[in-house]
Amino acid sequence: MALHSAIVLTILTLTVGCSEPRSDTTLRFGLANTPANLDPRFATDATSARVNRLLYSRLIDFDEAARPVPSLATWEQISPVHYRFFLQPTRQPFHHGAELTASDVKATYDFVLDASNHSPHRSALTLISDIHVPTDNIVDFYLNKPDRLFPSYLVIGILPANLIRTNHPFHEHPIGNGAFTFIDRPDDTHWRLMRQVDRQYVELLRIPDPTVRVLKLLAGEIDMIQNDLPPELTAYLDTDDKISIQRRQGANFSYLGFNLQDPVVGQHRIREAIAHAIDRTSIIHHLLHDTAHPANAMFPPKHWVGDATLSGYDYNPTRARALLRQAGFDEAHPVRLTYKTSTDPIRLRVATIVQDQLAHVGIDVSIQSHDWGTFYGDIKAGRFQMYSLSWVGLKTPDIFRYVFHSSSIPPRGANRGRFIDTQSDRLIEQAQATQDLHRKSEIYRRLQAHLLHVLPYVPLWFEEHVFLARRNITGYVLSADGNYDGLLTVTRRPTSTQLTRQESHQP
Amino acid sequence: MIRLWVPLFILGVWSVMAIIGPALPITPNHIDLTQILTTPSATAWLGYDDIGRSIGDRLIVGARTSFLVAFSVVFIASIVGSCLGIIGAYWGGWVDHLLIRIIDIFLAFPGILLAIALAGAMGPGIENVVLALACVGWVGYARLARSQVLAIKEADHVTAARALGASSGRIMFRHLLPLLSAPLIIELSFGVASIVIAEAGLSFLGLGVQPPDASWGSMIRDGTRYMLVAPHVVIAPGVALMLVVFAINVLGDWMRDWLDVKSLTRER
Amino acid sequence: MTKFVLARLASALLIIFGVSCLVFMLMHLIPGDPIDVMLGETAHPTDKDALRKAMGLHLPLHIQLLHYLQRLLHLDLGTSIHSGRAVTTILLERFPATLELGAGAITIAMLVAFPLGIFAALRQHTVIDAGAMAFALTGVSIPNFWLGPLLIMGGALWLGWFPVSGRNGLLSLVLPALTLGTAMAAILSRMIRSAVLEVIHEDFIRTAQAKGLGATQTVFRHALRNALLPVLTLLGLQFGALLSGAVITETIFSWPGIGSLMIEAIQQRDYPIVQGTILWISLMYIGINLVTDVLYALADPRIRLRHPS
């Protein structure tokens, strides 16, 4: 036994030897999820996309209304199938020193378009037929069909062409020309970046448990966190005077989805009854602590195709019961439904409340919660009657074809509910064919009004973005889509309490 | 005698709650959104949970789930496990070898994956929780029974019984099993606690009780999320679980002593 | 002895083979598709099929299993579907953390359980005994996911002695090791108590006492030596439980270990990582058990003789 303890002690001592003192100036940012892939050609998850925005730059960006605006380049539509991008005259060099030129842009997009590379972003870009580089500052994109939304698709971070050629492992060691350089990944739970302009180190730490993330913030081990908190904790921190809070309306769209081929929820009256039976106002107020806003369409009113005039379904159990009776159901013959959800706590809470509210109008719901992989697999395969999910990071209205057009039934798209509706199909096709942006948004608004009437989804709400930081953190601006661009400007005001805390933590 | 009656009382309350719970005039699934995480008061002694349901009422109906799961799993796992363990150790040879290999594979294999597979294949539900936990749980009993039998199979009274021509089955269950009961009972008494907790872990994987049903394990798990804002949510189910575990263990101790005395008097 | 170890090693290979096959089959049978993880939802079906072909995921399952075992023979664990990094790299990065946490938990468990169990046994039916056993009962009935946050609130927020989470030196190990070690300490102290109690009444202890050796000395010299065997068995047995407990503990404390890696990988259907971690865990498990068995055999020669070689 003595031997055993001795070994253990040695191991422990070794780890103490390895630990390094915390530097005083690093800013620490707590994340709920791992940025899985720091190679923008392959990243698909939201966290990676947000971190990659810091490491790489892209041709375009989006404004408040999700319209494309110049970022690395401005553009000009030369013909319906020819877009010319002019790189900004002053631009950051790549982190390894080389200048970013038009051929880097071409190399990045060529790589993504090469089918043998299996990039997840290829299918969104297949309308590109050719990329030309007339000068170092100009990139020409030729399309195989006209699309006025084309610039919105060019959001992939630009990589240096020479490293693409040599198969540099960007996922291990990202090199872009973003405002931050990648320093290292000491282990799989934190990532160190450096802001180039002032050599400010920023550490991203993955802390999956929300309570622990909050405790870490309260203890001063991290400086800031954003989103992914239970509403109670947000409300709790709001009252703490060590913590400052920023909130901003978001565009992450939560909804109830239905299998429209199902004999029960395939009936319009039943979906309408469900929409009337759910008391969104109470749920948002009591459960979500007002950190959400009721939604009537996939895009919020601020979006360039958004519509503030849509009026949703009010909470009206009497009307819901009447609709169910019309459909031939009553207390003796209740509607029976299965509601699938992931095991995420807040989704389960919402599901349980919805179950209760639907029970009040005579809909008997049984909930099935599955781990994320199983749940998502079931949803995509159409194995569901009713489910709830969110759309995160929607920007361009071409999503409507992908989600609601009859030609997008999986595996060809995400029309998981097998929604087949000639009017919607026609509106989607019209909107996509129109080259006039104003007219386009008009048609998309009509489409959204129509969808709200037909209810392939029952829209629930848009979640708010919340940013919480220690009081001495300033300069973070919460963005409209919840990205981490605030890290570009964030700084720490040195205070006396801050210094004592840091000293006490020195080993 | 306190050692017998106090635990029996606690376990009695538990089983009564489990049996008559559904018949009581309580509303464990009634949701009042305005009461979310409300602290205990005169009308609701234990307060309200994270979607505004009475914790007291849920504690009563949750007792049933936890009771059923704990006892069916312990029952299945201990019977299957100790039978296999006794058989393996008694017969030895390839039977024993096979058993050890199977045990090792099970021990090295993550139960989580099995749970997800079961949930995916058969859907969430209490029966599948029992199945998954029993699948993982029998191994401990088998190993324990096996090592105990190895240690005592050469004991005098076993050799004597064999010499007298008793059948293998008779020797195993008349002469070996009684000697095994003491360590098995300890394992069993700890087993109940870990199973109530494990059930909560499984609902995270989508295998446990589904809303709106309650179980103590899932109440504890949900409650820990609000430790900062509403610590009362986790306390009631936590204390209930501890009392039960305490009772089972004290009772287990008592039974072991009692069995000890019995076996001693029989041998002499 | 060499023969004994060789026999155990041979059976270890068999177990690894069995576990690998089982994990492979289960992983591919549960719903969920890694292609969706890699290509996201927006991918064209043709792109998905192409990738499926490129990865060999279109082949019948038994062929895929054969390929997997073939690569395993060359010690090639593949690359993560999600991050594109080599599984071996990730495992080597994560393993020290798990080892440290496990060692810490076992150390704490033993540091608590030995004194507690021995004193409880020596002072049977006293307050010390009752208190020690009350601790043991509380220890087993507090789930990890409750104890963890509780310890953080107490030790990090109120006392400020330890960091809340993360892996940064010895101090940061204390709370997660306590969380993971408590249940084990509880079981172990009960085990030690009853082992010491059993031994204490045996003849040789009485003889020693009659010879005039003090009670404490006697216990340390004789009783403990005998109590060690069941404790060793338990340690080997508990190791699996320790690792599954580590999944929750690692998640709570954002500890970069194997446990949290595995659960994430399972949820993302990252087949190569799941297979890699499980293989690694079974290797560790087998290794630990081999060591306990050898120790066991060294301590008790009868075991070796009984074992057919």
Side-chain angles (χ1 to χ4, degrees), chain A residues 1 4-5 7-9 11-13 15-16 18-20 22 34 36-39 42 44-45 115-116 118-124 126 169 171-172 187-190 205-209 211-212 215-216 218-219 221 370-374 376-378 380-381 383 402 411-412 414 504-505 507, chain C residues 30-33 36-48 50-51 54 82-85 90 93-94 96-97 99-100 103-104 106-107 110 114 148-149 152-153 156-157 160 163-173 224 228 251-256 260-261 264 266-269:
Chain A
M1 197 53 28
H4 195 127
S5 311
I7 295 171
V8 170
L9 277 180
I11 294 171
L12 295 185
T13 339
T15 57
V16 183
C18 296
S19 77
E20 49 189 89
R22 302 208 127 189
T34 314
N37 200 327
L38 296 182
D39 185 337
F42 293 101
T44 49
D45 61 299
S116 67
H118 303 295
S119 163
H121 305 296
R122 193 181 89 92
S123 34
T126 39
H171 58 277
E172 288 282 0
D187 56 48
D188 243 359
T189 57
H190 52 307
L205 296 94
R206 178 173 186 249
I207 308 151
D209 188 293
T211 307
V212 175
L215 285 168
K216 236 171 142 61
L218 287 173
E221 284 174 34
H370 289 285
D371 90 289
W372 174 254
T374 308
Y376 201 43
D378 278 0
K380 287 207 257 198
R383 283 189 295 268
Y402 180 62
R412 275 169 297 169
S504 69
H505 271 262
Chain C
I30 58 180
D33 188 352
D36 288 334
V37 175
M38 291 177 82
L39 290 188
E41 268 220 282
T42 47
H44 271 293
T46 46
D47 284 354
K48 290 189 184 179
L51 182 58
H82 214 57
S83 69
R85 307 178 67 215
I90 301 178
E93 240 174 51
R94 297 269 194 150
L99 191 69
E100 193 182 305
I106 289 179
T107 312
M110 289 198 298
F114 270 93
I152 294 179
M153 280 166 78
L157 205 61
V164 172
S165 76
R167 177 168 175 252
N168 200 343
L170 186 58
L171 275 184
S172 69
L173 176 62
L224 216 53
L228 220 55
T251 311
I252 292 176
F253 288 94
S254 9
W255 193 263
S260 50
L261 176 70
E264 282 161 40
I266 289 179
Q267 301 201 324
Q268 294 164 342
R269 302 294 187 262

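Lettering follows sequence order; numbering is per chain, from 1. Heavy-atom basis, side chains included; hydrogens, waters and symmetry copies ignored.
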> Is C:L171 close to chain A through its backbone or its side chain, or both, or neither, when contacts mean heavy atoms under 4.5 Å?
neither
> Which of the residues C:R85, C:E93, C:H82 is involved in the greatest number of heavy-atom pairs with chain A at under 4.5 angstrom?
C:R85
> A:H171 versus C:S83: any side-chain heavy-atom pair under 4.5 Å?
no
> Can you name the salt bridge (Lys or Arg N to Asp or Glu O under 4.0 Å) partners of A:R383, sequence neighbours left out?
A:D378
> Among A:G377, A:P208, A:A381, which residue has the highest count of heavy-atom pairs closer than 4.5 Å to chain C?
A:P208
> Under 4.5 Å, counting heavy-atom pairs only, tell me which of C:S172, C:P149, C:S254 racks up the most with chain A.
C:S254
> Can you tell me how far apart CZ (A:R206) and OG (C:S260) are? Round to the nearest 0.5 Å.
7.0 Å
> If you compare all heavy atoms of C:S165 against all heavy atoms of A:K216, which two are closest, and at what distance to 0.1 Å?
O-NZ, 2.7 Å
> So what's closer than 4.5 Å to chain A heavy atoms on C:L157: side chain, backbone, both or neither?
side chain
> Would you call A:D371-C:R269 a salt bridge at under 4.0 Å N-O?
yes
> Heavy-atom distance under 4.5 Å to chain C: side chain of A:S119, backbone, both or neither?
backbone
> Is any side-chain heavy atom of C:V164 less than 4.5 Å from a side-chain heavy atom of A:V212?
yes
> Let me confirm one number: the CG-CD1 distance from A:L215 to C:I252, rounded to the nearest 0.5 Å.
11.0 Å
> Who pairs with C:D47 by salt bridge (Lys or Arg N to Asp or Glu O under 4.0 Å), at least two apart in sequence or on another chain?
A:R122
